[in-house]
Every structure is written in C-alpha cells, then in structure tokens.
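Structure first, then comments.
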Amino acid sequence: ASPVSPENLGRLLQLIEEGVISGKIAKIVFDEMAVSGHTPDRIVKERGLVQVSDASQIETAVAKVMAGNAAEVKAYRAGKTKLLGFFVGQVMRETKGKANPQVVNEVLKSKLGT
C-alpha cells in the first residue's frame, strides 16, 4: 500500500550507490516520491539535488570554511582533531548538504594537514 513503487525505491537506492545523491538527499527524494509519485531521477533533476563530488568545488568550500574559522583551524592543528566533525558540518552547510561526505573528509584532512 506504499505510494512508492518497488521500481522507484530500487532506483533511489541505485542513485545512492552510484554517488549521484547522498543518504541525506535520498530522504528528501523519498518524501517527495511518496507525495508526488514521480521517479527519483525526475525529482533529483527538477530540484537540483545532485551530490557534488568534484574535489575542486569542495576545495573551494573548504577554503572558505577554513578562512572563516581560523581559530578552529589553529586548534585542530594543535591536536583537537575532534574538530573535524565541525569542519565537515560547516562545509556541508556551505554546499547546502550537496557535497559528498567522503570527498569532504578527504579534502579537509589534506588541507588541515592530517
């Protein structure tokens, strides 16, 4: 009795596996699928929900976050490595949740010197 067909649910899972969308974005798409009945591909395209995996775009967001949080960068480099989560959150905010979290972590660790 679900408004989401098995085919559309399967396609949504494929989009996650292919890295087109993140798990967080998938929740938004699923909710929209349940209401509208549209395919996940259509929803992702119409709402511009494609995940950003391009390292250069993510590097730009990381640079902006680091520039705006110099004290946290200094604290991180002084050993407060738990701040990595803070930086990931800030980059995700900067990219409106569209950045690939794996790529964000890799870029941050590289730029922060770990």
Side-chain angles (χ1 to χ4, degrees):
S2 173
V4 178
S5 72
E7 294 82 15
N8 282 343
L9 182 57
R11 180 62 186 143
L12 181 64
L13 295 173
Q14 277 183 318
L15 290 173
I16 296 167
E17 191 172 299
E18 293 168 0
V20 175
I21 61 173
S22 67
K24 182 177 180 178
I25 293 172
K27 291 175 187 177
I28 296 167
V29 174
F30 182 84
D31 289 344
E32 180 68 25
M33 286 176 10
V35 172
S36 70
H38 294 141
T39 66
D41 292 291
R42 178 177 173 180
I43 294 166
V44 167
K45 182 178 179 184
E46 287 178 355
R47 295 197 50 199
L49 297 173
V50 176
Q51 178 172 250
V52 176
S53 294
D54 178 14
S56 65
Q57 285 182 299
I58 293 173
E59 284 177 4
T60 301
V62 166
K64 187 172 182 180
V65 167
M66 287 176 66
N69 296 283
E72 287 81 2
V73 170
K74 185 176 180 180
Y76 181 90
R77 289 181 174 156
K80 292 191 177 187
T81 57
K82 290 184 180 184
L83 282 170
L84 183 63
F86 165 79
F87 288 114
V88 171
Q90 294 302 306
V91 172
M92 294 307 280
R93 177 186 290 162
E94 181 68 28
T95 62
K96 296 177 178 53
K98 294 182 182 179
N100 180 320
Q102 269 187 308
V103 179
V104 170
N105 273 295
E106 291 169 12
V107 171
L108 276 168
K109 287 177 181 176
S110 170
K111 297 293 182 184
L112 289 168
T114 59

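Computation of the quantities below employed the complete heavy-atom set of this structure, encompassing side-chain atoms and omitting hydrogens, waters and symmetry-equivalent molecules. This chain uses plain numbering: 1 for the first residue, then up along the sequence.
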Taking every non-hydrogen atom, the tightest pair across Val91 and Ala61: CG1-CB, 4.1 Å
Spacing of Leu108 atom CG and Leu83 atom CG [to the nearest 0.5 Å]: 11.5 Å
Separation of Lys109 NZ from Thr81 OG1 (nearest 0.5 Å): 10.0 Å
Side chain to side chain, Gln14 and Val20, heavy atoms closer than 4.5 Å: no
Derivation of the side-chain contact (heavy atoms from CB on, under 4.5 Å) call for Phe30 and Leu9: CA-CA 8 Å; Phe30 182 84; Leu9 182 57; 4.1 Å; yes
Pairwise distance CD(Gln90) to CG(Asn69) - rounded to 0.5 angstrom: 5.5 Å
Rounded distance [0.5 Å steps], CD1 in Ile58 versus CG in Asn105: 10.0 Å
Min side-chain heavy-atom separation Phe87-Val104 under 4.5 Å: no
Residues Glu7, Thr39; criterion side-chain contact (heavy atoms from CB on, under 4.5 Å); working and verdict: CA-CA 9 Å; Glu7 294 82 15; Thr39 66; over 6 Å; no
Residue Glu46 excluded, over 12 heavy atoms near CD under 6.0 Å: yes
Just list the side-chain donor-acceptor pairs under 3.5 Å for residues 49-57, sequence neighbours left out, or say none.
from: Gln51; atom 1: NE2; to: Gly19; atom 2: O; distance (Å): 2.9
from: Ser53; atom 1: OG; to: Asn100; atom 2: ND2; distance (Å): 3.2
from: Asp54; atom 1: OD1; to: Ser56; atom 2: N; distance (Å): 3.3
from: Asp54; atom 1: OD1; to: Ser56; atom 2: OG; distance (Å): 3.1
from: Asp54; atom 1: OD2; to: Ser56; atom 2: OG; distance (Å): 3.0

Exercise: identify the closest heavy-atom pair between Ala34 and Pro3: O-CB, 3.5 Å
Co-membership, hydrophobic cluster, residues Phe86 and Val103, 4.5 Å side-chain: yes
Lys98 side chain vs Gly48 backbone, donor-acceptor pair below 3.5 Å: yes
Donor-acceptor contact present, side-chain Asn8 to main-chain Val4, <3.5 Å: no
Where Ala99 and Met92 come nearest, the two heavy atoms and their spacing: O-CE, 3.2 Å
Salt bridge (Lys or Arg N to Asp or Glu O under 4.0 Å) contacts in which one or both residues fall within residues 17-40, not counting sequence neighbours: Arg11-Glu18, Glu32-Arg47
In one Ile/Leu/Val/Met/Phe/Trp/Tyr side-chain cluster, 4.5 Å: Val107, Tyr76: yes
Contact summary for Lys111 and Arg77, nearest pair of heavy atoms: O-NH2, 2.8 Å
Heavy-atom closest contact (Pro40 atom, Leu12 atom, distance): CG-N, 3.8 Å
Side chains of Ile21 and Ile28 in contact at under 4.5 Å (non-hydrogen atoms): no
Shortest non-hydrogen contact between Met33 and His38, atoms and distance: CG-O, 3.4 Å
Arg93, CZ atom: more than 12 neighbouring heavy atoms under 6.0 Å: no
